[in-house]
Amino acid sequence: MDYQKASLKDFENIGQPIRQRAKDFFLYSSYMTENRLNNYRLALESGTGASITLNQKNDFGKNDFIGFISNDYLGFSHHPKVLEAGQEALYKYGAGAGASPLIGGLLDIHQSLEHKIASFFGREDAITFTSGFGTNAGVLSTLLGQSDLAILECSYIQA
């Protein structure tokens with residue numbers, strides 16, 4: 001296998017025995033790490049956001065980068081008002097809801113957010129999800145039947 005041209009997609013071959021796939025993946029991962037080409041599971045010294053700091057320097061001696069790896073494109077997760085509200089919520093509710101919204105993890109602040117979103121869009125109600133995966137699992141499994149087909153369109157904003 002040419003590790004310089006390989007990607008994770010190359011390890012999807014289900015027809016290959018699992019032990020061989022594991023060995024090939026180990027060799028690929030070792031090669032990528034040894035050659036400083038591994039872009040998976042890189043530890044950050046900062047949170048994800050509009051800019052990030054890796055815990056290792058690149059060949060140019062830099063470890064600060066523009067972050068294209070998160071949904072925090074505008075860096076709001078580090079805005080002082082967001083941090084202050086987060087601290088207040090942490091002390092009031094603890095470090096997380098502790099359960100899914102369905103069985104007891106729906107907090108009053110979640111409901112308030114949903115009402116504000118619904119109002120903003122002029123709708124009767126809204127629902128929030130904790131992740132994109134949760135959104136797809138909840139919405140698509142609810143709306144689609146066994147013989148239905150979902151065609152999803154991705155929209156991009158051109159700068």
Side-chain angles (χ1 to χ4, degrees), residues 6-19 21-26 28-29 32-33 38-56 63-159:
S7 73
L8 292 181
K9 183 109 176 109
D10 295 310
F11 299 95
E12 292 181 354
N13 182 356
I14 297 172
Q16 186 181 28
I18 188 69
R19 288 182 188 265
R21 262 196 314 178
K23 180 181 175 186
D24 289 343
F25 181 76
F26 174 78
Y28 163 75
S29 180
M32 296 298 280
T33 301
N38 195 352
N39 60 351
Y40 300 105
R41 296 187 49 84
L42 297 176
L44 301 177
E45 292 179 359
S46 64
T48 57
S51 62
I52 59 170
T53 303
L54 291 173
N55 73 344
Q56 64 189 41
N63 64 343
D64 292 319
F65 301 92
I66 296 172
F68 295 107
I69 60 171
S70 79
N71 295 326
D72 189 15
Y73 308 113
L74 302 176
F76 286 151
S77 69
H78 291 87
H79 190 281
K81 287 186 178 183
V82 173
L83 293 174
E84 183 180 335
Q87 286 177 334
E88 290 174 16
L90 178 64
Y91 286 110
K92 182 175 180 179
Y93 301 102
S100 72
L102 184 64
I103 62 168
L106 180 65
L107 305 178
D108 58 348
I109 56 174
H110 299 141
Q111 285 186 312
S112 176
L113 174 62
E114 290 174 348
H115 292 310
K116 287 178 181 178
I117 291 171
S119 175
F120 180 81
F121 285 103
R123 298 290 185 238
E124 184 178 318
D125 207 353
I127 188 169
T128 57
F129 291 88
T130 57
S131 69
F133 176 82
T135 303
N136 289 334
V139 172
L140 296 177
S141 66
T142 300
L143 297 178
L144 301 177
Q146 187 173 3
S147 61
D148 291 334
L149 170 68
I151 300 175
L152 306 174
E153 176 186 344
C154 293
S155 298
Y156 297 94
I157 299 173
Q158 186 173 2

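Remember, predicted model here, so these are calculated numbers, not experimental data.
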Is a donor on one side and an acceptor on the other found under 3.5 Å between the side chain of Thr33 and the backbone of Ser29? yes
Measure the CD-CD1 distance between Gln111 and Ile127 for me, rounded to the nearest 0.5 Å. 10.5 Å
Tightest non-hydrogen contact, residues Ser51 and Ser46, listed as O-OG, 4.3 Å
Ignoring hydrogens and angles, tell me if any N or O in the side chain of Glu114 forms a donor-acceptor pair with the backbone of Asp125 under 3.5 Å. no
Looking only at heavy atoms, the pair that brings Leu83 and Ser77 closest together is CD2-O, 3.5 Å
How close do Ala99 and Gly104 get, heavy atom to heavy atom, and via which atoms? CB-C, 4.2 Å
Sub-3.5 Å donor-acceptor pair from the side chain of Asn136 to the main-chain atoms of Phe133, do we have one? no
If I compare all heavy atoms of Thr48 with all of Ile52, which pair ends up nearest, and what's the gap? CA-CG2, 4.0 Å
Polar side chain donor-acceptor pair, Thr53 to Asn63, under 3.5 angstrom: no
How far apart are the closest heavy atoms of Lys92 and Asp108, and which atoms are they? NZ-OD2, 3.9 Å
What is the ring orientation for Tyr28 with Phe25, classed by angle as parallel under 30°, tilted 30 to 60°, or perpendicular over 60°? tilted
What do the steps show when you test Glu88 against Ile109 for side-chain contact (heavy atoms from CB on, under 4.5 Å), and what is the final call? CA-CA 12 Å; Glu88 290 174 16; Ile109 56 174; over 6 Å; no
Main-chain N/O of Leu107 paired with His110 side-chain donor or acceptor, under 3.5 Å: yes
Give a yes or no on this: more than 12 heavy atoms of other residues, nucleotides or ligands lie within 6.0 Å of atom CG of Leu143. yes
Nearest atoms (heavy-atom pairs only) where Ala97 meets Gly105: CB-O, 3.3 Å
Looking only at atom types and distance, does a side-chain atom of Asp72 sit under 3.5 Å from a main-chain N or O of Phe76, one as donor and one as acceptor? yes
